There are 2 protein chains.
Amino acid sequence: MHGLALRELMFLWQLDQAPGSRLRRVDLATRLNVSQSTVTRLALPLEKLGFVRREADPRDARVGYVVLTKPGRQRVAEARATLERMATDIFRDRWTGKEIATLGELLGRLTASLPGDIDAVGS
Amino acid sequence: MHGLALRELMFLWQLDQAPGSRLRRVDLATRLNVSQSTVTRLALPLEKLGFVRREADPRDARVGYVVLTKPGRQRVAEARATLERMATDIFRDRWTGKEIATLGELLGRLTASLPGDIDAVGS
DNA sequence: CCGAACTACTTCCGGATGCAAGTATTCCCA
DNA sequence: TGGGAATACTTGCATCCGGAAGTAGTTCGG
């Protein structure tokens with residue numbers, strides 16, 4: 001049918017980068033910059049597809065881990081590869097390494113100096 | 001209660017910049033980078049608040065203009081002022097004019113070279 | 001002058017998301 | 001050590017949005 005939505009790839013990718021391929025749901029939410037509800041809802045289909053699996057914490061019954069399965073890791077590798085190809089196509093022959101670095105640095109500083117919510121423009 | 005949402009300000013702002021303070025709904029959608037449905041829905045509350053008014057085209061009965069009213073223009077001016085204060089606060093003492101210019105130029109080139117839809121990552 | 005193609009707009013539908021409320025569990029201190 | 005505060009998570013609700021479908025009107029070729 002189709003591949004992963006970008007946000008699903010980011011979801012799996014974070015797990016792939018995490019030690020033990022596992023993350024608490026709160027931490028995953030933080031790293032993805034989304035709410036906990038979103039993590040809950042994103043996880044469901046990925047569990048059904050067998051890309052992630054739930055695990056409980058033996059010490060703290062509140063926390064639920066999301067852990068990347070073997071098929072999940074395989075899937076991330078493929079998706080990352082095609083995403084990297086896309087990125088390469090975008091930048092090759094149009095951007096120098098220095099320009100990319102500059103953009104990255106400026107964007108980092110910009111997000112750092114931005115307020116959390118600029119949605120409401122005072123009356 | 002509260003002020004305008006950012007997207008409502010952009011809506012009114014586009015009208016303010018347009019010749020005659022009026023725009024066809026399609027063109028407004030294009031300038032705001034949103035769908036026509038969104039323009040329809042955004043316009044409704046703004047009409048009720050009296051910031052914009054509908055007008056028909058005498059030549060073409062299909063098109064509906066959105067035109068900025070006098071209170072609307074007043075409101076845009078206020079909101080723009082506070083938005084500019086916010087922007088000034090963000091950049092002052094942290095960014096040089098040259099850095100802002102560089103960021104703007106790089107972002108422009110980036111969006112120009114980006115594909116429309118990168119939401120699906122091929123299987 | 002007629003109908004097909006096109007255009008402008010609205011409405012309906014489904015997807016995505018955050019927040020608030022609810023549940024369960026753990027922490028901490030008086 | 002008992003109970004309020006804090007934490008992790010899920011679910012319900014409201015909002016926002018784009019695309020498909022529907023309506024109305026215009027254009028153009030034959």
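These numbers come from the heavy atoms of this one structure, side chains and all, not from hydrogens, waters or symmetry mates. What you are looking at is a predicted structure, and each value in this text was computed from that prediction instead of being measured. Letters go in sequence order (proteins before strands), and every chain restarts at 1.
L15(A) CG to R53(A) CZ: the interatomic distance, rounded to the nearest 0.5 Å, is 11.0 Å. To the nearest 0.5 Å, the span separating CE on M86(A) from CG on L114(B) amounts to 9.0 Å. The structure places CG of L12(A) at 10.5 Å from OG of S21(A), a figure rounded to the nearest 0.5 Å.
A donor-acceptor pair shorter than 3.5 Å can be found between the side chains of S35(B) and T38(B).
No single ILVMFWY cluster, assembled from side-chain heavy atoms under 4.5 Å apart, contains both V67(B) and M10(B).
In terms of position along DNA chain C, the nucleotide closest to V26(B) lies nearer the 5' end than the nucleotide closest to the other residue of the pair R59(A) and V26(B). The 5' end of DNA chain D is approached more closely, in terms of each residue's nearest nucleotide, by V63(A) than by the other of P58(B) and V63(A).
Summarising the geometry, the separation between CZ on R7(A) and C1' on dC17(D) is reported as 13 Å, rounded to the nearest angstrom. When rounded to the nearest whole Å, the span between CD of E55(A) and C1' of dA8(D) equals 17 Å.
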Candidate pair K70(B) and R75(B), rule side-chain contact (heavy atoms from CB on, under 4.5 Å), full reasoning: CA-CA 9 Å; K70(B) 194 158 185 74; R75(B) 196 66 187 70; over 6 Å; no
Intermediate values then yes/no, side-chain contact (heavy atoms from CB on, under 4.5 Å), V66(A) and L23(A): CA-CA 6 Å; V66(A) 193; L23(A) 238 29; 5.6 Å; no
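Only Q36(B), S37(B), T40(B), R41(B), listed by number, bring a heavy atom of residues 27-44 of chain B to less than 4.0 angstrom from any atom of DNA chain C.
At a cut-off of 3.5 angstrom, the base of dT26(D) holds no donor-acceptor pair with the side chain of R62(B).
The span of DNA chain C lying next to chain B, judged by atoms under 4.0 Å from heavy atoms, is bounded 5' to 3' by dT7(C) to dC12(C).
Annotation for L106(B) and E99(A): closest pair CD1-O, 4.0 Å, computed over non-hydrogen atoms.
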